[in-house]
Amino acid sequence: MNRLLSTYFILSALAVPQANAQETQDSPTFANDFDIRVNPELDNVMCDSLPQFAPGDYSAFPFIDTAGNRIDMNGADWSRLRQRLSEGMLLPGMPFSIVHIGDSHIQADGATGITRKMFQERYGNAGRGLVIPLKMAGTNEPRDYKITSTSKGWQTARLMKTPWMSEMQFTGVSITPGTHTFNLSVGLLTRTLEINPFNTIRLFHTGSPLTVKAVESRGDMMRFSTSIGSGYTDIYLDKPVTDVTLDMSCTGGKAHIGGLALYNGQPGIVYSTIGNNGAAYMSYNSIGSIGAGIRPLQPDLVVISLGANEAFGKVTDSQFRQSINAFVEDIRQENPNAGILLVTPMECQRRTSSRTGKGRKRRRTTTYSVNTDIKRLRDVIIQYGKDNHIPVYDLYGVAGGTGASGKWIDNSLMGRDRIHNTWEGYDLQGRLFYDALSECLENMPPPPLPLPIVPEGQDTGQIHSQKPL
C-alpha cells in the first residue's frame, strides 16, 4: 500500500475551558502562534514508499527504549480482551473494536494508520471503522478516505473553533445540512487504489430525525434497508462497495452529523480514531458525554493519547489530573466492559520568536527549546494510572525520554515544527505501539490479585453484520 512521506506542520492549539467560550489570543490558557495553531498547515508532498523496518527490529534507532516498549498494566484485568482475541472468538459481525482518541497526532492517522494495518493483518479486517467529515469542516483529513457533498449551505463546527455554529458531536466535528434534502458521499482509497469494501454504514447524527431516501454507488442505485438507534442510523447494503452517495432528507428541524462507521461483516479488528488538532482532555470534556458518543462503536478497548497541548498552556498538575479523571470516568460509566489505556505524549519543543536590531536591520529570530512541561504532565499521567489501576503506555520513555526530540529531529523522524513527527516518524511510532499492545493482549498473564468485577450492561448484539434485505 502506498503511503505518504511528508512532514506536515500543525502547531498545537490548546483547549478552551468551556464549550462555548470564544477562542481569543488573550486567554491565559493559550501560548504563542495562535493563528497557525487554529489553522494548521500541511505539506502535501507525496512519496510511494517509506524505509521498511523488520518486525521488532529498531536497531537503526539506538535511542529507542526497546526494553521499555511495553504497557504497564497497573493491576488492571484485561482477561476479557485477551479472550475476545483468542482463537475462534472473533466472529462475523462481532469485531474486536479499538477506539483511539487524541489530538493532531491522531487526526492525521499517521501512527494509528500503521497500527491499524498491522492489527488487521494479524487478526483480520472487519472494516475501516469510524470516518469523520473533517475536510468538510475545514481541516485536514486522513488520506485513506474522502467525505464530500454536492449539497450547498452546510453549517460546520470543529472542537477547537468556538463558538460552535452547529451542535457538537462526540467526534469533535459537526456538519449540518442547510437544506431539507441533501447528500453525503463517502469513499475509501489510498491515492488511486480503492480499498476496504463495506456493506454496513452506521451514520452518527443528533437533532431532528433524518431519512435515507436512496443509496447510489458509481451511478448505480443500490438496494438497502435501515434501522434506527439512539444517536445513529444503520444502513445495510445489498453488496459490498468502496464508495456510496447517500441521498437524505430531514424535516421539522436540523440534523447534525458527526461521522460514519464502515463495516464489512467479517471477523477481525476495527480500529477507529477520533483526533482533533489542538485537543486536550478538557476539550473533549466540554462536549458532554463522549463516553455515550462512542458507546455505539462497542469498544473493547479505548486508547487515549492526550496531554501534549496542555503542556503549551498554564495547567497545574491538579487541574490536569482532574481533567483526566473526568474523561476516564465518563468513558468507564458509559462503556463498563471496555478496557482503557492511557498514552503519554513524547518530548517535543516550543518555539520562541524575538526581534533584534534596529530600523531596517531589525529582524525576527526564532529559537527552539525542549518543552519541559511535557515531562511534568507525563509524570501525572503515569501516577494517575498507578493510582487508579489503569494501564499506561509511556511513549515519552519509549521514544527516548528526556532529550529524545533532538534525536528524532536529527534522524528525520520529527518535523520542522518540532512538535509533530514526519510520516517516517509516525511509521516508527505506530510499529512500536503495535508491538507493545499486541504483546500485552496475547501473552501477558492476568493480574495476581483479583479486582472487582465490572457489572454487565453493554449491548453486545451483532450490530455490525449485514442485515438481510
Side-chain angles (χ1 to χ4, degrees), residues 71-102 115-116 119-120 123-124 126-127 129-130 170-171 200 202 204 229-232 234 261 263 265 267-274 284-285 287-305 324-343 384-385 387-393 437-438 440-447 449-465:
I71 292 172
D72 294 322
M73 291 303 296
N74 293 324
D77 183 359
W78 276 12
S79 56
R80 177 183 177 274
L81 275 66
R82 297 185 185 101
Q83 182 182 17
R84 287 274 287 121
L85 278 178
S86 61
E87 189 76 22
M89 292 302 294
L90 291 177
L91 305 175
M94 296 186 66
F96 188 93
S97 174
I98 300 173
V99 179
H100 199 143
I101 305 171
T115 305
R116 176 188 302 110
F119 264 111
Q120 291 184 334
Y123 294 101
L130 184 65
F170 72 94
T171 57
T200 302
R202 174 156 285 183
F204 293 95
S230 178
Y232 61 87
D234 283 337
Y263 304 99
I269 298 283
V270 172
Y271 197 119
S272 298
T273 59
I274 301 172
Y284 286 109
N285 290 337
I287 294 176
S289 177
I290 191 171
I294 68 172
R295 186 171 56 205
L297 294 170
Q298 294 187 333
D300 292 285
L301 175 64
V302 179
V303 183
I304 306 169
S305 295
I324 297 173
N325 189 66
F327 190 93
V328 167
E329 286 304 309
D330 176 53
I331 298 293
R332 274 179 159 172
Q333 181 176 353
E334 298 291 342
N335 303 272
N337 291 326
I340 296 177
L341 173 61
L342 303 178
V343 179
Y384 179 84
D387 293 342
N388 293 275
H389 306 296
I390 297 175
V392 174
Y393 178 68
L437 183 55
S438 61
C440 179
L441 289 172
E442 290 182 359
N443 301 319
M444 186 170 290
L449 297 177
L451 296 175
I453 298 176
V454 177
E456 296 291 331
Q458 184 178 4
D459 181 15
T460 57
Q462 298 185 20
I463 64 168
H464 299 157
S465 58

So F327 and Y284, would you call those rings parallel, tilted or perpendicular, with 30° and 60° as cut-offs?
-> perpendicular
More than 12 non-hydrogen atoms from neighbouring residues, nucleotides or ligands closer than 6.0 Å to CD on Q333, yes or no?
-> no
For the [atom1] atom of [X] and the [atom2] atom of [Y], what is their distance to the nearest 0.5 Å?
X: I294; Y: T171; atom1: CD1; atom2: OG1; result: 12.0 Å
X: I304; Y: I331; atom1: CD1; atom2: CD1; result: 5.5 Å
X: I390; Y: I324; atom1: CD1; atom2: CD1; result: 9.0 Å

State which residues pass side chain to side chain donor-acceptor pair (under 3.5 Å) with [X]; sequence neighbours excluded, sorted by chain then number.
X: D387; result: R321, Q383
X: N388; result: none
X: S289; result: D330
X: T115; result: none

Over all heavy atoms of both residues, which pair between [X] and [Y] is shortest? Give the atoms and the distance, please.
X: S230; Y: P296; result: O-CG, 4.5 Å
X: R332; Y: I340; result: CG-CD1, 3.5 Å
X: P299; Y: A338; result: O-CB, 3.3 Å
X: F170; Y: I290; result: O-CD1, 3.6 Å
X: M89; Y: Q83; result: CG-O, 3.1 Å
X: W78; Y: G339; result: NE1-CA, 4.0 Å

Any residue meeting side chain to side chain contact (heavy atoms under 4.5 Å, CB included) with A261, in chain and number order, not counting sequence neighbours |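 A261: side chain to side chain contact (heavy atoms under 4.5 Å, CB included) contacts with R202, F204, Y263, L297.
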Got a sec, which residues hit side chain to side chain contact (heavy atoms under 4.5 Å, CB included) with P267, two or more places apart in sequence or on another chain?
->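 P267 satisfies side chain to side chain contact (heavy atoms under 4.5 Å, CB included) with L90, P92 only.
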Would you say the side chain of V99 lies within less than 4.5 Å of the side chain of I274, judging by non-hydrogen atoms?
->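 The answer is yes, as the side chains (C-beta and beyond) meet within the 4.5 Å cut-off.
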Side chain to side chain contact (heavy atoms under 4.5 Å, CB included) evaluation trace for V303 with Y393 = CA-CA 10 Å; V303 183; Y393 178 68; over 6 Å; no
List the steps and the verdict of side chain to side chain contact (heavy atoms under 4.5 Å, CB included) for N335 and V302.
-> CA-CA 9 Å; N335 303 272; V302 179; 5.5 Å; no
Counterpart residues, salt bridge (charged side-chain N to carboxylate O under 4.0 Å, His left out), relative to D300 (two or more places apart) |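 Checked D300 against salt bridge (charged side-chain N to carboxylate O under 4.0 Å, His left out); matches are R80, R84.
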Step by step, would you call L85 with I269 a side chain to side chain contact (heavy atoms under 4.5 Å, CB included)?
-> CA-CA 9 Å; L85 278 178; I269 298 283; 3.8 Å; yes
Can you name the one residue among D72, L341, I71, L81 that meets side-chain contact (heavy atoms from CB on, under 4.5 Å) with C440?
->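 For C440, the side-chain contact (heavy atoms from CB on, under 4.5 Å) check succeeds only for I71.
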